[in-house]
Structures are given as C-alpha cells and as structure tokens.
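Just so it is clear: chains get the letters A, B, ... in the order the sequence lines come, proteins before strands, and each one is counted from 1.
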Protein chains: 2
Amino acid sequence: MSVFLGTHQNRLDAKGRVSIPASFRTALRAQAAAGESLVILRPSHQHPCIEAWPTAAFAALSQPLDRLDMFSDDHDDMAAALYADAYPADSDREGRIILPDALKEHAGLTDSVAFMGLGRIFQIWEPAAAERRRAEARTRSRQVALPARGGTSSPSGNGAATQ
Amino acid sequence: MSVFLGTHQNRLDAKGRVSIPASFRTALRAQAAAGESLVILRPSHQHPCIEAWPTAAFAALSQPLDRLDMFSDDHDDMAAALYADAYPADSDREGRIILPDALKEHAGLTDSVAFMGLGRIFQIWEPAAAERRRAEARTRSRQVALPARGGTSSPSGNGAATQ
DNA sequence: CGGGTTTTCATGGGATATCATGGGATTTTA
DNA sequence: TAAAATCCCATGATATCCCATGAAAACCCG
C-alpha cells in the first residue's frame with residue numbers, strides 16, 4: 001500500500017536537523033520493527049536528490065544478493081551499489097533527522113528541504129529542484145502512456161495507465 | 001455503486017475548512033475501508049481544479065506501476081506524477097475537509113468552492129470557473145457526439161479520470 | 001396533499017492536541 | 001579537546017476535536 005503522498009517543505013536548521021513531515025513519520029514508524037532504524041537514506045542514481053526507504057523496503061532490495069555467490073564480482077558490485085552510500089537515520093523525539101553531508105551535497109540542500117512522496121518511498125530535494133522535477137514527471141508520464149499502445153514495449157499495458 | 005453527480009457549492013471558512021456535500025460524503029464513506037483516508041486530492045493536469053478520488057480508485061491508478069521496473073525512469077516518472085502532488089484528506093465529524101494550500105492555489109479558490117461530480121470521481125473548482133467549464137463541456141460533447149455515429153465513443157466514460 | 005415535526009446539512013466558534021521550529025545542556029566521537 | 005550528535009524543553013501556528021445553531025429537506029399523519 002502506498003503511504004508516502006504529497007510534497008512537504010520543512011527547514012534545515014542551524015544544527016543540520018530537519019523535521020520529517022508528520023504523515024511520513026507516522027508511516028515510517030508503523031513499518032519499523034523494534035531495534036531497526038527508522039529510515040535508510042541513499043543518493044538517488046537518477047536525480048540530484050536523496051531517496052528515503054523504510055528499512056523493510058530497503059532490506060527487500062538486498063534479497064537478490066542472497067542468490068549470488070558471496071565472493072563473486074557480481075555480488076561485490078551489487079553490494080557496493082546498495083550499501084556503500086546508504087545511511088540509517090533515526091529521529092529525535094521531535095521527529096527530526098540529521099542528513100549526512102555527502103547526501104546534502106548530492107541533493108544541493110541548503111536551508112529548506114522538500115519531502116516528495118512516491119508511494120513506497122520518498123525523496124528529499126532542494127525545493128525549487130523538486131518543483132521542476134514534478135513538472136518534468138507530469139510531462140514525461142504522459143509520454144510513457146502513449147508509446148505503449150501496441151504492446152510492443154516491455155512495459156506492458158500501460159496504455160491503461162493513468163492520468 | 002455510488003457515483004458523484006451534480007454540482008454543489010459550499011463555503012471555504014476562515015479556518016480553511018469546507019463541507020463535502022452530503023451525497024458525495026455518503027458515497028466516499030461507502031467506499032472507504034477502515035483505516036483508509038476518505039479521499040485523495042490531486043491537482044488536475046488538464047484544468048485549474050482539484051481532482052478528488054476515492055482511495056480505492058486512486059489505488060487502482062497505481063497498479064500499472066507494479067508492471068514497471070522499480071528502478072526505471074518510467075517508474076520514477078509515473079510515481080512522481082501520481083503521488084507527489086496527491087494528498088489524503090479525512091473529514092471531521094461534520095464532514096469537512098481542509099484543502100492543502102498548493103491545491104487551493106492551483107484551483108484559484110478563495111471563499112466558495114464548487115464540487116462537480118464526474119461519476120467515478122469529482123472535481124473541486126472555483127465556482128465561476130466551474131460554470132465556464134460545464135458550458136465548455138456541453139459544447140465539446142456535442143462535437144464529440146456527432147462523429148461517434150458508429151458507437152465508437154460510447155464505451156465507458158474512462159475519459160473521466162485523466163488529463 | 002398540506003401542515004407539523006424531525007432529521008440532516010452547512011456553517012460558525014472555542015478548546016485541545018500536534019506539529020514544526022528554536023535553543024541549551026549533556027554525551028559521544030574523532 | 002573540540003566538534004558533532006543526542007537529549008530535553010519551550011513556543012507559536014496549525015490541525016483536530018467538540019459543540020451549537022439556523023435553514024432546508026425529509027418524514028409522518030390526518
């Protein structure tokens with residue numbers, strides 16, 4: 001079920017803390033098991049933003065690794081791609097997290113932060129970049145639907161898709 | 001099944017609340033599962049108005065995403081287009097909701113609000129804009145009806161859900 | 001079918017809880 | 001030892017919850 005909806009803007013304070021929006025916080029807490037981190041943060045490979053994964057969803061990403069020989073190059077490559085840039089984050093009592101400097105730089109964050117819900121995960125953006133990204137996604141998502149008409153492309157059936 | 005019919009006008013009050021018309025409320029409540037939001041609000045991609053989706057209908061929109069590779073650009077675009085501008089809303093005991101500022105601005109809402117039923121969903125408009133839109137739709141639907149002589153356009157109003 | 005009663009609806013307001021923001025003290029880490 | 005992280009507390013704004021009221025709609029009875 002989708003849980004992260006909408007785009008919410010909060011401030012990054014002088015101590016480098018930012019409040020996770022309450023609805024995202026509630027959704028993360030509902031999914032986090034005892035002793036787990038609240039959320040896993042990693043740089044997006046597609047955009048100048050941070051991806052935020054509930055811990056269970058992130059763990060599910062690593063399941064294909066289990067099928068690889070632990071000493072193979074494939075295993076090593078995937079493990080590096082998955083784990084080496086990922087950071088766990090827990091919030092303080094007020095629901096704030098601290099973002100690692102490398103991730104802040106990747107996303108170009110300075111004083112305000114936009115939390116963009118994508119259903120199963122959310123992304124953390126510089127607010128103006130987030131606005132541009134949403135506009136781009138609206139445009140591109142129309143184009144996604146159209147070329148799949150004849151069923152020739154591998155994303156099947158999304159002529160039915162949407163908006 | 002319940003459908004959203006008619007156009008109803010209510011006031012946006014000083015606290016930013018507006019009553020969902022009783023018939024729409026009844027239809028939404030009939031469809032909402034326990035623990036679900038009553039309705040999902042998102043900006044229309046075609047008109048200066050807000051689209052209001054029963055949560056189940058909105059969830060159905062996301063099913064095509066499941067068929068895309070989660071790490072593909074197409075998936076990311078559609079997830080952003082679908083979720084990043086969508087906000088869940090629950091009503092208070094009197095059946096009122098609060099509209100997010102971004103959506104109010106998109107629809108140009110100030111003090112009155114028009115709820116326009118479109119069958120499976122409804123739209124929320126500034127009342128004068130709603131009136132102009134209904135007039136335009138009447139004109140355009142006549143034009144559509146004429147070439148559809150062979151019954152090509154009569155299959156289901158799936159135009160309702162899209163931009 | 002009309003009049004009276006009851007119920008529902010939309011609107012308004014106040015109290016309380018939550019949220020986001022800010023700051024200081026203490027502890028941990030490099 | 002200094003910087004960073006964590007913990008704790010406070011506050012204004014907003015959302016949520018609760019209650020009231022007049023108008024309109026629905027209902028009932030003769």
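With C/dC9, C/dT11, D/dA5 as the candidates, the nucleotide lying closest to the side chain of B/A22 is C/dC9.
Ion pair B/D85/A/R138 flagged as a salt bridge, since at least one NZ, NE, NH1 or NH2 atom sits closer than 4.0 Å to an Asp/Glu carboxylate oxygen. A salt bridge does not link A/D74 with A/R67: none of the charged nitrogens is closer than 4.0 Å to a carboxylate oxygen. Between A/D92 and A/K15, none of the side-chain N atoms (NZ, or NE/NH1/NH2) sits under 4.0 Å from a carboxylate O, so this pair counts as no salt bridge.
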Report task. May I have the step-by-step check of salt bridge (charged side-chain N to carboxylate O under 4.0 Å, His left out) for B/D66 and A/R120, ending in yes or no? Result -> CA-CA 11 Å; B/D66 295 337; A/R120 271 182 278 214; 3.7 Å; yes

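The nearest whole Å value for the distance from the CG atom in B/D101 to the P atom in C/dC19 is 18 Å. With rounding to whole Å, A/Q9 atom CD is found 19 Å from D/dA13 atom P. Taking atom CG on A/N10 and atom C1' on C/dC19, their separation rounds to 9 Å, with Å as the unit. Between the CZ atom of B/F24 and the C1' atom of C/dC9 there is a distance of 15 Å, rounded to whole Å. Distance B/K104 NZ to D/dT14 C1': 12 Å, rounded to the nearest Å. B/L38 places its CG atom 15 Å from the C1' atom of D/dT16, with the value rounded to the nearest Å. Residue B/I20 contributes atom CD1, which lies 12 Å from atom P of C/dC9 at whole-angstrom precision. C/dA15 atom C1' lies 13 Å from atom CZ of B/R93, rounded to whole Å.
Using modelled atom types, one side-chain atom of A/E126 and one backbone atom of A/A128 make a donor-acceptor pair closer than 3.5 Å. No side-chain donor-acceptor contact under 3.5 Å links A/D90 to the backbone of A/S37.
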Query raised in the report: Going 5' to 3' along nucleotides 22-30 of chain C, which nucleotides have protein heavy atoms under 4.0 Å from the base (write B), which only from the sugar-phosphate (write S), and which from neither (write -)?
Result: BBB------

